[in-house]
Amino acid sequence: METIVHRVQFCVIGGGLAGMCAAIAAARHGVKTLIMQERPVFGGNASSEIRMWVCGSPHQLETGLVEEFRLENLYRNTYVNFSVWDSILFEKVRFQKNLISLLNCSCLSAEMDGARIRSVTGWQMTTQQFHKVEADYFADCSGDSVLAPLTGAEFRLGREASSEFGESLAQKEPDRKTMGLSCLIQARETSSPKKFIPPSWAYCYPDDSQLSHRGHRIEGTQNFWWMELGGEQDSIRDTEEIRDELLKTAFGIWDHIKNHGDHGADNWELDWVGFLPGKRESRRYVGDYILHQADVQSGGRFDDTVAYGGWPIDDHHPGGLRYNGPPNINIVPKEPYGIPLRCLYSKNIENLWFAGRNISTTHTGLSSTRVMATCATLGQAVGCAVSSAVKNGNLSPRETASEHIREIQDMLMDDDCWLPRFRRNVPQLCREAVLTASSGDPEMLRNGIDRELDGQSNRWTCRVGDTAEYDFGKTVSLHEIRLVFDSDLKRPKLNVAANYWLQGQVFSPPSTLVSAFEILADGKAVYHTENNYQRLVKIPVETQTRKLTLRVLGFAGQGSTGGVFAFDAG
Ligand SMILES: Cc1cc2nc3c(=O)[nH]c(=O)nc-3n(C[C@H](O)[C@H](O)[C@H](O)COP(=O)(O)OP(=O)(O)OC[C@H]3O[C@@H](n4cnc5c(N)ncnc54)[C@H](O)[C@@H]3O)c2cc1C
């Protein structure tokens, strides 16, 4: 069989949201990058193959790349269709400059040079070719940490003893149990009663006694995340066997809903069953720091914070559906907590980063960090960290973390990633200029906080026709305008459908978002758009001006008011 050799600076394994964000962020910062994804689509558990919702911190919605994807989805995926969502994720990677993508390509070996990875090789099943990728840095975003057994990187599996990290929620004794796997189902409402005949091999649930604590009436945004098994087996080696059990369960539960009691489902039909199990937990790498329960519950105040979490400690019982008690515990941290860069690179392999559910945490820590918007921000952090490592002379991850952390944090905040307790650097030019507005408080546009925080809106509230203007006091050269619009971070957070109602959801961009605006340099328009639906907008310009004006011309909801968080020029 033929082997194609690629030489890049950065190679990402796994194209879930973490891997996608790592690859896109690095590529956008000029790093020659390749992403190897074993499935035909990107998105991992968020893709149409598995169909989980992108969740994150309930206190503070994640911004940066994941917000870019979600806003594109609100704009384009009006009728909430999974293939449209897949196509958005596909185009974000496939058409990104500096980024090579290999779909249907599964990483299966690695070549080492001492404690460094020299190359990895994947098998692409559609072309029957091997792809060998030589790179300076690698990021394992495969969820299952495929590079751990291939490189000798240190990893953990299972649940720690509570004594090891002082975790009150952990077990007395350690074990190798994990959260389980799930094959989800989706149903569709129709206008007339629909029959369902179960396959003979499906399990039978004649009454509700085996489904206590598992809500299964068709209502609201109910989904079937609790159809979970495999946490007491090996969540990698036993995947095929667990899948068979999950399919028997999935069809059996739909049979129960349709044929064994009133579940409000007479007019509903089975629309889709996932044959690819979604995984919650397997190998977790060991980095220079291991995030644990105390960090999640006390705000994670780290100098090297590069991302944050906020999802509850949502630990599932390893018995899954075979355990008749509540399927999970759910303990909400009181505030978002920082996640340090030291959790995102290997302790013993010199050029290995990671992002996603396989970062350096305890089992209890993972039960909060594992949700996909958090994973996406971890990926974006790795992408920016790699770009800093490259720019500073191909430093190791550890050197980059200790010597260039503020540079990485600045890059992330400039790319609209919020870091708890950090403030974005506003360009000196803007800080020193005179800033005025036709109405409202324009100082919000340069306070370095781009979201509502601690009861302060931090936004310039504006109406159609309003202007905000910098007077630099002399003619200056400008190369880029950076704007952050209000995409309503308190909006409903679902990015896809759970089930399909006859009167289904319709998506549209948030009504607070400025959709039409222009930029004027000394009164002359240098940029004009009537079709903005993004929160972060960076506009390349080449102009010399004394005054720079933002004029608001319209909002996405056709309303007359909305907001802007930042207006930078440099
Ligand atoms: C049933 C279920 C319900 C969940 N509910 C939610 C929820 O509601 N909201 C939420 O945000 N999170 C939820 N989670 C958790 C979340 O989905 C995962 O923790 C998250 O997907 C992890 O992101 P990731 O990018 O690390 O991995 P993944 O999303 O798994 O992506 C990793 C990708 O790497 C690919 N890959 C693996 N091995 C290789 C290889 N050798 N070569 C190349 N590619 C490879 C995989 O195919 C996959 O596409 C749920 C998980 C499950 C299983």
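What you see is a predicted model; the values in this text were computed from it and never measured. FYI, the numbering just counts along the sequence from 1. Atoms within a ligand are numbered from 1 in the order they appear, just like the ligands themselves.
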For this session: Could you tell me how the ring of H317 sits relative to the ring of Y323: parallel (under 30°), tilted (30 to 60°) or perpendicular (over 60°)?
Result: parallel
Flag this pair as yes if the NZ/CZ of R188 is under 6.0 angstrom from the six-membered ring centre of W268 and inside a 45 degree cone about the axis; otherwise no. no
Of all the non-hydrogen atoms in the protein, which one sits nearest to [atom], and at what distance?
atom	answer
atom 41 (N) of ligand 1	C107 O, 3.2 Å
atom 18 (C) of ligand 1	R370 O, 3.4 Å
atom 6 (C) of ligand 1	M52 CE, 3.7 Å
atom 35 (C) of ligand 1	Q37 OE1, 3.2 Å
atom 32 (C) of ligand 1	C141 O, 3.5 Å
atom 29 (O) of ligand 1	N45 N, 3.0 Å
atom 34 (O) of ligand 1	G14 CA, 3.3 Å

Counting only heavy atoms, tell me which of [options] gets closest to [atom].
atom	options	answer
atom 26 (O) of ligand 1	R357, M20, K493	R357
atom 43 (C) of ligand 1	E281, R51, E38, M179	E38
atom 25 (O) of ligand 1	A18, S182, G143, A373	A18

Polar side-chain atom of [X] near backbone of [Y] as donor-acceptor pair, under 3.5 Å:
X	Y	value
H213	L211	no
W85	A46	yes
E38	G122	no

With atoms numbered from 1 as shown, which atoms in ligand 1 lie under 4.0 angstrom from a non-hydrogen atom of [X]?
X	value
C375	22 (C), 23 (O)
I13	42 (N), 43 (C)
W53	7 (C), 8 (O), 9 (N), 10 (C), 11 (O)
G16	25 (O), 31 (O), 32 (C), 33 (C)
L17	25 (O)
K279	53 (C)
G356	26 (O)
C55	7 (C), 8 (O), 9 (N), 10 (C), 11 (O)

Determine whether the side chains of [X] and [Y] contain a donor N or O and an acceptor N or O closer than 3.5 Å.
X	Y	answer
N328	D314	yes
Y285	D140	yes
D304	Y289	no
Q124	H131	yes
R28	S387	no

If we set the cut-off at 4.0 Å for heavy atoms, which region of [X] has an atom near ligand 1: side chain, backbone, both, or neither?
X	answer
E228	neither
S47	neither
M372	both
A46	neither

Does ligand 1 have any atom sitting under 4.0 Å from a heavy atom of G122?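 Flag not set, G122 not near ligand 1.
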Review point. Measuring from the heavy atoms of G379, does anything fall under 4.0 Å of ligand 1?
Key: no
So, do [X] and [Y] sit near enough that their side-chain heavy atoms are less than 4.5 Å apart?
X	Y	answer
I313	N330	no
L270	F251	yes
E241	D238	yes

Is there a nitrogen or oxygen of N358 sitting under 3.5 Å from a nitrogen or oxygen of ligand 1? no
N or O pair under 3.5 Å between R280 and ligand 1: no
- Query: Could E452 and K490 be called an ion pair, given the rule that one side-chain N must be under 4.0 Å from one carboxylate O?
  - Reply: yes
Between E91 and R76 (salt bridge meaning N to carboxylate O under 4.0 Å), is one present in this structure? yes
